[in-house]
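Take a look at the structure set out below.
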Amino acid sequence: MALEMKVPSPGESITEVEIAQWLVEDGDYVEKDQAIAEVDSDKATLELPAEASGIITLKAEEGDAVEVGQVVCLIDTDAAKPESGATPSETPKVEEKKTVTPTPVAATPVKTETYATGTASPAAKKVLAERGIDASQVAGTGRDGRITKADAVNVKPSMGTPGPGSRGEERKKLSMLRRKVAQRLVSVKNETAMLTTFNEIDMQPIFDLRAAHKEAFKAKHGVGLGFMSFFTKAVTRALQLYPDVNSMIDGDYKISYDFQDISIAVSGPKGLMVPVVRNAENLSFRGVESEIKRLAIRARDGQITVDEMTGGTFTITNGGVFGSMLSTPIINPPQSAILGMHNIVERPIVRDGQIVAAPIMYVALSYDHRIIDGRESVGFLVAIKEALENPTELLMDNNVMKALEL
């Protein structure tokens with residue numbers, strides 16, 4: 001019996017996917033639940049498992065856009081599994097011996113090119129070879145147009161002349177996920193009144209807290225005490241103080257939320273992904289770190305689902321892990337704002353009237369000016385700065401051990 005395998009729905013709003021890669025070949029024997037293909041939607045890359053065991057017949061090519069519910073392959077469930085483990089596509093072919101009759105080749109006179117025929121002199125050839133210049137690009141000034149050593153030394157290579165290195169190129173179609181990301185980013189720039197405001201944060205108080213408690217925190221909870229938990233807690237506090245930043249535009253309406261679902265940008269094998277930490281305002285430091293670790297592992301292993309990447313109300317992106325000093329992050333639609341973190345560098349600041357070196361991070365808040373005014377955006381970023389520079393009081397209620405559950 002031939003079982004028709006149809007494209008399952010990856011999510012509620014997705015009607016089409018793209019065959020990114022077949023993991024099996026036409027005619028292979030596949031086991032039930034074996035991953036047979038990777039399919040790209042506009043939100044994520046997902047694996048397509050075999051629904052039964054048998055011989056597979058592919059009905060779509062890599063790169064094809066197929067609708068949800070469309071048949072992409074057939075599985076012959078009556079076919080027996082090959083005993084040797086070889087699949088029909090691996091059946092050895094018998095080569096036929098062919099008798100090749102040599103074709104007589106007409107004798108071609110050998111052209112002997114010497115210095116006397118107008119080429120470069122031996123000394124000139126050596127200079128040109130060392131400089132990576134083709135002799136055909138040099139006009140000789142010697143007798144009969146010969147290239148002298150002086151010609152080779154004085155020639156200036158054209159900037160448009162290809163050098164001796166590789167000049168190959170590759171043309172590869174963008175994945176559906178990457179094309180959708182590009183489309184969304186362009187639409188954000190075109191359809192929102194996006195502005196960015198900046199500030200700087202003295203990270204020394206957080207450095208001190210982590211140095212004092214990170215070992216005990218990891219030993220008890222099994223996760224590290226990173227910067228993301230501090231920033232997430234600071235963001236949820238600031239969103240409660242400035243609720244317009246936690247709002248979105250829907251046509252002529254503003255939608256406000258009484259919860260904070262924080263999207264955390266992470267780098268995955270297929271590019272940037274943005275899983276969501278749900279109700280981050282209710283999570284402890286341990287809860288935030290555990291959830292971010294769980295989502296990051298799922299994104300890295302390609303197991304993240306569409307539901308885990310939709311519905312956020314605010315986004316945090318950390319370009320600092322790649323060495324970024326400062327940037328203007330682009331809003332993650334339909335959200336209205338995004339916080340950009342950057343690298344931490346020792347910089348001179350004034351503290352208690354003295355110039356000292358301190359670990360400073362520049363932060364950026366990009367926001368949609370249609371719904372968020374300058375007062376709210378600046379106040380929001382200042383609230384984050386205040387919380388991170390005084391975490392014991394503003395994020396831990398003056399009880400570090402209780403906040404870290406130690």
Side-chain angles (χ1 to χ4, degrees), residues 196-211 213-214 217 221 223-242 245-246 259-267 272-296 312-329 331-332 335 337-345 358-367 377-397 400 403-404:
T196 305
T197 184
F198 305 93
N199 215 317
E200 63 179 12
I201 297 173
D202 182 357
M203 299 292 288
Q204 191 62 55
I206 293 178
F207 271 39
D208 294 341
L209 279 171
R210 292 182 70 244
H213 302 290
K214 65 180 180 180
F217 187 88
H221 303 305
V223 291
L225 180 60
F227 295 113
M228 287 305 301
S229 55
F230 287 94
F231 272 84
T232 302
K233 298 290 287 183
V235 162
T236 57
R237 172 182 177 272
L239 288 174
Q240 292 169 349
L241 294 174
Y242 297 92
V245 183
N246 200 46
F259 57 88
Q260 288 90 49
D261 284 354
I262 307 301
S263 304
I264 307 291
V266 298
S267 181
L272 189 67
M273 297 184 178
V274 194
V276 180
V277 178
R278 307 288 180 189
N279 287 108
E281 75 279 6
N282 297 329
L283 297 178
S284 63
F285 283 83
R286 175 185 62 82
V288 172
E289 293 290 355
S290 298
E291 183 65 1
I292 290 176
K293 179 180 179 181
R294 183 188 72 84
L295 292 170
T313 63
F314 184 90
T315 295
I316 302 175
T317 181
N318 185 7
V321 296
F322 305 111
S324 171
M325 181 190 80
L326 191 62
S327 67
T328 55
I331 298 169
N332 179 20
Q335 298 172 17
I338 180 173
L339 177 71
M341 300 166 57
H342 301 91
N343 62 357
I344 302 171
V345 177
I360 299 298
M361 176 193 286
Y362 294 143
V363 289
L365 178 75
S366 293
Y367 62 98
S377 63
V378 173
F380 177 87
L381 202 53
V382 169
I384 290 177
K385 172 182 172 68
E386 292 172 345
L388 293 172
E389 292 185 348
N390 190 9
T392 301
E393 177 184 349
L394 299 181
L395 299 180
M396 297 178 167
D397 199 24
V400 175
L404 299 181

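Treat the numbers as computed from the prediction; the structure is a model and nothing was measured.
Inter-residue side-chain proximity for Pro275 and Val266 is flagged as met; some heavy-atom pair is nearer than 4.5 Å. A 4.5 Å side-chain heavy-atom check between Thr317 and Leu339 finds every atom pair outside the cut-off. Using a 4.5 Å cut-off on side-chain heavy atoms (C-beta onward), Val277 and Leu295 make contact. Proximity of Val245 to Tyr367: side-chain heavy atoms (C-beta onward) are nowhere separated by under 4.5 Å. By the 4.5 Å heavy-atom criterion applied to side chains, Ile316 and Thr232 are counted as neighbours. Using a 4.5 Å heavy-atom threshold, the side chains of Val400 and Leu209 count as touching. Side-chain contact check for Val274 versus Ile264: every heavy-atom pair is 4.5 Å or farther apart. Side-chain atoms of Phe314 and Gln260, non-hydrogen and from C-beta on, never get closer than 4.5 Å to each other.
Looking at residues two or more places apart in sequence or on another chain, you find no side chain to side chain donor-acceptor pair (under 3.5 Å) involving Thr197. Judged as a ring-ring contact (aromatic ring centres under 6.0 Å, His included), and not counting sequence neighbours, the contacts of His221 are Phe217. For Thr315, the side chain to side chain donor-acceptor pair (under 3.5 Å) partners are Asn332, Gln335, not counting sequence neighbours. Not counting sequence neighbours, the partners of Ser229 by the side chain to side chain donor-acceptor pair (under 3.5 Å) test are Glu289. For Phe231, the ring-ring contact (aromatic ring centres under 6.0 Å, His included) test picks out no residue, with sequence neighbours left out. By the salt bridge (Lys or Arg N to Asp or Glu O under 4.0 Å) test, Glu389 is found to be paired with Lys385, residues two or more places apart in sequence or in another chain being considered. With sequence neighbours left out, Ala238 forms a side-chain contact (heavy atoms from CB on, under 4.5 Å) with Phe380, Ala383, Ile384. In this structure, the side-chain contact (heavy atoms from CB on, under 4.5 Å) partners of Lys293, at least two apart in sequence or on a different chain, are Val223, Ile297. Residues forming a ring-ring contact (aromatic ring centres under 6.0 Å, His included) with Phe207 (at least two apart in sequence, or on another chain): Phe227. For Thr313, the side chain to side chain donor-acceptor pair (under 3.5 Å) partners at least two apart in sequence or on another chain are Asn246.
Shown here for Ile331 and Ala337, the closest heavy-atom pair between the two residues is CG2-N, 4.1 Å. Residues Gly312 and Ser263 approach most closely at CA-OG, 3.5 Å, considering heavy atoms. What you find for Gly323 and Asn343 is that their closest heavy atoms are O-ND2, 3.3 Å. Nearest heavy-atom pair across Lys233 and Ser284 is NZ-CA, 4.4 Å. Counting all heavy atoms, side chain and backbone alike, Ala387 lies closest to Ala234 at CB-CB, 4.0 Å. Closest heavy-atom contact between Leu404 and Met396: CD2-CE, 3.9 Å.
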Show the numbers, then the answer: is there a side chain to side chain contact (heavy atoms under 4.5 Å, CB included) between Val276 and Ile262? CA-CA 6 Å; Val276 180; Ile262 307 301; over 6 Å; no
Derivation of the side chain to side chain contact (heavy atoms under 4.5 Å, CB included) call for Leu394 and Arg237: CA-CA 9 Å; Leu394 299 181; Arg237 172 182 177 272; 3.9 Å; yes
Could you go step by step and tell me if Thr328 and Ser366 meet the side-chain hydrogen bond (donor to acceptor under 3.5 Å, both in side chains) rule? CA-CA 7 Å; Thr328 55; Ser366 293; 5.6 Å; no
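Atoms CG and CE, on Leu388 and Met341 in that order, are 8.5 Å from each other to the nearest 0.5 Å. Summarising the geometry, atom CD1 belonging to Ile206 is positioned 7.5 Å from atom CD1 belonging to Ile201; distances are rounded to the nearest 0.5 Å. A distance of 4.0 Å separates CE in Met361 from CD1 in Ile344, rounded to the nearest 0.5 Å. In this structure, CE on Met228 lies 12.5 Å from CZ on Phe285, to the nearest 0.5 angstrom. Atom CG in Leu381 sits 9.5 Å away from atom CZ in Phe198 (nearest 0.5 Å).
No donor-acceptor distance shorter than 3.5 angstrom exists from the side chain of His342 to the backbone of Gly320, with no hydrogens or angles considered.
A salt bridge (Lys or Arg N to Asp or Glu O under 4.0 Å) check over residues 276-287, counting only residues at least two apart or in different chains, returns the pairs Asp261-Arg278, Arg286-Glu405. Judged as a salt bridge (Lys or Arg N to Asp or Glu O under 4.0 Å), the pairs with a partner in residues 197-207 (not counting sequence neighbours) are, in order, Asp202-Arg351.
The closest side-chain donor-acceptor pair between Gln204 and Asp208 falls under 3.5 angstrom.
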